[in-house]
Amino acid sequence: MNARTLLRLTVTNPVSAIYLGLVGASVVFEIVVVLTSSDPGFVGVWPFFFTAPTSLVAVAVIDAIGGVDAHYWVLTVGLAVSALLQSLALGATYEGLRGRLRPGRPA
């Protein structure tokens, strides 16, 4: 599997694009609410819910390494990696169900 195939599976198929759009929209919504509201409440959990279960694993690893004092950029990178991993899994599942990813056939 080359970089072009990974990019196609992760970003350019319809299922992955919709998923990444949903995650991106939740992040933009979170930023807007935090900047405009004095009490944003629990709006920050939605991006983690959309990227669960890999984001929960990433948070556990970050907590084990950095503890509760981990910088928010570390959590942001963990969230982005989680979204990309799940997008890749969704893209591979979509292509597999469509019959494009067959062993021995070039992608």
Side-chain angles (χ1 to χ4, degrees):
M1 193 175 288
N2 57 19
R4 187 175 185 189
T5 304
L6 284 175
L7 180 67
R8 181 175 53 85
L9 290 175
T10 306
V11 180
T12 60
N13 68 58
V15 175
S16 296
I18 290 170
Y19 173 72
L20 289 175
L22 179 68
V23 172
S26 71
V27 170
V28 169
F29 179 71
E30 175 187 0
I31 291 170
V32 168
V33 169
V34 166
L35 292 177
T36 59
S37 175
S38 62
D39 183 25
F42 286 101
V43 74
V45 300
W46 286 107
F48 287 98
F49 285 156
F50 286 133
T51 57
T54 55
S55 64
L56 301 176
V57 173
V59 168
V61 168
I62 291 168
D63 186 41
I65 293 172
V68 292
D69 295 330
H71 202 266
Y72 69 92
W73 282 109
V74 177
L75 291 173
T76 304
V77 169
L79 182 74
V81 169
S82 298
L84 290 174
L85 281 173
Q86 290 200 172
S87 178
L88 174 64
L90 284 170
T93 303
Y94 175 73
E95 295 293 327
L97 290 174
R98 291 188 62 209
R100 286 191 172 172
L101 292 179
R102 288 186 223 145
R105 181 177 173 213

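The first residue in the sequence is number 1, and the count goes up from there.
Scored by the side-chain hydrogen bond (donor to acceptor under 3.5 Å, both in side chains) test, Ser82 finds no partners at all (sequence neighbours excluded).
For the atom pair Thr51 OG1 and Leu56 CG, the distance stands at 7.5 Å (nearest 0.5 Å).
The hydrophobic clustering, which links ILVMFWY residues whose side-chain heavy atoms are closer than 4.5 Å, places Val81 and Leu90 apart.
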**Q.** Test side-chain contact (heavy atoms from CB on, under 4.5 Å) applied to Val27 and Leu79, step by step
**A.** CA-CA 10 Å; Val27 170; Leu79 182 74; 4.2 Å; yes
In a table with atom names and distances, give each donor-acceptor pair under 3.5 Å that connects a side chain of residues 30-46 to protein atoms at least two apart or in another chain.
from: Thr36; atom 1: OG1; to: Val32; atom 2: O; distance (Å): 2.7
from: Ser37; atom 1: OG; to: Asp39; atom 2: N; distance (Å): 3.1
from: Ser37; atom 1: OG; to: Asp39; atom 2: O; distance (Å): 3.2

Only pairs under 3.5 Å count here: list side-chain donor-acceptor contacts from residues 16-24, not counting sequence neighbours, and write none if there are none.
from: Ser16; atom 1: OG; to: Leu9; atom 2: O; distance (Å): 2.9
from: Ser16; atom 1: OG; to: Asn13; atom 2: OD1; distance (Å): 3.2
from: Ser16; atom 1: OG; to: Asn13; atom 2: ND2; distance (Å): 3.4
from: Ser16; atom 1: OG; to: Ser87; atom 2: O; distance (Å): 2.9
from: Ser16; atom 1: OG; to: Ser87; atom 2: OG; distance (Å): 3.4
from: Ser16; atom 1: OG; to: Gly91; atom 2: N; distance (Å): 3.4
from: Tyr19; atom 1: OH; to: Phe50; atom 2: O; distance (Å): 3.0
from: Tyr19; atom 1: OH; to: Gln86; atom 2: NE2; distance (Å): 2.9

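Proximity of Ile65 to Val74: side-chain heavy atoms (C-beta onward) are nowhere separated by under 4.5 Å.
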